Amino acid sequence: MRLAVAVTAVAAITGFPAAMAAPAGNAARGEALYERCFACHSLENDRAGPRHCGLLGRRAGSVPGFDYSPAMRASGIVWNAATLDRFLAAPTAVVPGTSMGYAGIASAQERADLIAYLSAARCPA
Amino acid sequence: MSFLAFANGPLLPASRRGFLKSSGLLLSGTAVALLAGRESLAAGGNATEADARILNTALAAELEAVAAYQVGAESGLLQKPALDLAITFQGHHREHADVLAKTIEKLGGKPAAAKARYDFPTAKLKNQADVLRFAAALEKGAVSAYLGAVPVFANRDLAKAAASILGDEAMHWAILRQAVGEMPVPSAFVA
């Protein structure tokens with residue numbers, strides 16, 4: 001019981017659904033999953049979607065020169081593991097009006113893997 | 001109805017009476033606006049506006065694909081018949097882009113324009129196989145993008161049309177894989 005309370009409390013703090021702590025991510029698997037994003041994204045360059053290097057810690061809608069949707073610019077989101085997990089699960093529900101018209105990634109493990117990969121993606125100096 | 005029907009023909013049946021009979025829908029303000037041909041009015045804050053937004057993201061990606069194939073075709077790295085494949089696939093992407101743009105306009109949106117400049121990893125493309133693998137990666141990404149878009153269209157005809165494009169991109173992906181000696185269809189499902 002104590003464990004359940006603790007998990008719930010951690011979930012409340014981190015934003016993960018109660019009793020569903022995020023699985024550990026695997027960056028190598030995440031790199032393979034990232035191929036799904038290639039139509040619109042790359043790590044280094046803005047494409048139909050913004051670049052992803054340096055994503056964690058960045059305010060949503062803040063890459064200079066990228067033409068974001070007003071909804072994304074106004075979202076107030078700062079990208080971290082918790083906010084990315086929620087967004088990747090259901091982009092259009094989390095940010096209604098986002099240009100990312102994508103149903104989302106249902107698998108918590110796949111989201112964790114992708115986040116692990118993106119967490120390590122640094123922008124070239 | 002397909003994107004082509006949206007782009008080149010009336011968005012909705014010409015006969016309002018016929019539409020009402022066939023659909024059995026209770027007319028909402030949105031439906032009235034659509035029937036009147038005022039898609040942009042109907043779009044105010046509802047799903048039609050969201051559909052146009054999805055189409056515009058797809059359009060931006062299609063325009064980039066056209067540019068990517070152009071870079072490949074002009075690279076001097078592709079020989080026939082790979083060069084012919086690239087030009088054929090580029091033509092498909094151009095067709096997708098044209099019809100997407102027309103559909104977005106039909107829905108009252110402003111189609112995305114091609115960028116003046118795209119950044120492709122040209123320094124990493126040293127030979128024909130590199131170019132084909134790069135194209136295959138873009139096509140695979142396009143399959144995933146359309147697969148993710150299909151369920152979020154409010155309009156099921158648009159979803160069906162997106163699935164049609166998805167099928168085309170999947171064929172490109174498979175043929176490009178085959179061209180570099182990889183198993184053309186690596187799994188029973190795409191994701």
Side-chain angles (χ1 to χ4, degrees), chain A residues 29-53 61 63-75 87-111 113-114 117 121 123-124, chain B residues 45-47 49-65 67-68 93 96 109-110 112-115 117-124 133-154 158-159 162 165-166 169 173 186 190-191:
Chain A
R29 285 199 305 258
E31 182 174 13
L33 289 168
Y34 191 66
E35 293 178 6
R36 296 181 193 172
C37 313
F38 278 178
C40 298
H41 293 283
S42 77
L43 294 181
E44 301 88 357
N45 299 309
D46 295 338
R47 299 185 48 214
R51 75 193 78 161
H52 277 152
C53 63
V63 170
F66 186 80
D67 185 20
Y68 289 94
S69 65
M72 186 59 77
R73 278 199 303 271
S75 69
F87 181 73
L88 290 172
T92 56
V94 172
V95 182
T98 178
S99 297
M100 188 164 145
Y102 186 78
I105 300 171
S107 163
Q109 183 63 62
E110 289 186 351
R111 295 197 302 275
D113 292 342
L114 200 49
Y117 174 64
C123 290
Chain B
N46 71 17
E49 185 179 5
D51 284 353
R53 204 163 34 240
I54 299 167
L55 297 178
N56 233 342
T57 301
L59 172 58
E62 293 284 359
L63 292 169
E64 184 162 358
H93 287 289
H96 300 163
K110 182 184 175 191
K115 291 183 181 178
R117 174 172 170 269
Y118 291 96
D119 293 309
F120 298 118
T122 49
K124 296 178 183 171
R133 285 198 178 90
F134 175 62
L138 292 180
E139 299 286 6
K140 179 183 180 182
V143 169
S144 296
Y146 279 107
L147 184 64
V150 164
V152 294
F153 279 108
L158 291 177
I165 296 180
L166 186 163
E169 316 280 29
W173 179 37
V190 295

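Atom set for the values below is all heavy atoms of this structure, side chains included, hydrogens, waters and symmetry mates excluded. This is a predicted model, so every value here is computed, not measured. Residue numbering restarts at 1 for every chain, and letters A, B, ... go by the order of the sequence lines.
- With chain A as partner, the option from Ala149(B), Ala145(B), Ala191(B) having the largest number of non-hydrogen pairs under 4.5 angstrom is Ala191(B).
- Here the CZ-CZ distance, from Phe134(B) to Phe38(A), works out to 9.0 Å after rounding to the nearest 0.5 Å.
- The neighbour count for Asp67(A) CG, taken as heavy atoms of other residues, nucleotides or ligands under 6.0 Å away, does not exceed 12.
- Here the closest non-hydrogen pair linking Thr57(B) and Ala48(A) is O-CB, 4.2 Å.
- For chain B, no part of Ser42(A) is nearby; none of its heavy atoms comes within less than 4.5 Å.
- With a 4.5 angstrom heavy-atom cutoff, Ala58(B) does not touch chain A via any of its atoms.
- Highest contact tally toward chain B, considering only Cys37(A), Gly49(A), Ala39(A), is held by Ala39(A) [criterion: heavy-atom pairs under 4.5 Å].
- Atom-to-atom distance recorded for Lys115(B):NZ and Arg47(A):CZ is 8.5 Å, nearest 0.5 angstrom.
- For chain A, the option among Ala137(B), Gly148(B), Ala112(B), Ala61(B) with the highest count of heavy-atom pairs below 4.5 Å is Gly148(B).
- The main-chain N or O of Gly97(A) is found under 3.5 Å from a side-chain atom of Arg53(B) such that the two form a donor-acceptor pair.
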For this session: Go through Ser99(A) and Asn56(B) one step at a time and tell me if the side-chain contact (heavy atoms from CB on, under 4.5 Å) criterion holds.
Result: CA-CA 8 Å; Ser99(A) 297; Asn56(B) 233 342; over 6 Å; no

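- Remark: Leu147(B) CG to Tyr102(A) OH distance equals 7.0 Å, nearest 0.5 Å.
- To the nearest 0.5 angstrom, Tyr118(B) atom OH is 13.0 Å from Asn45(A) atom CG.
- With rounding to the nearest 0.5 Å, the separation of OG1 in Thr92(A) from CD1 in Ile54(B) is 7.5 Å.
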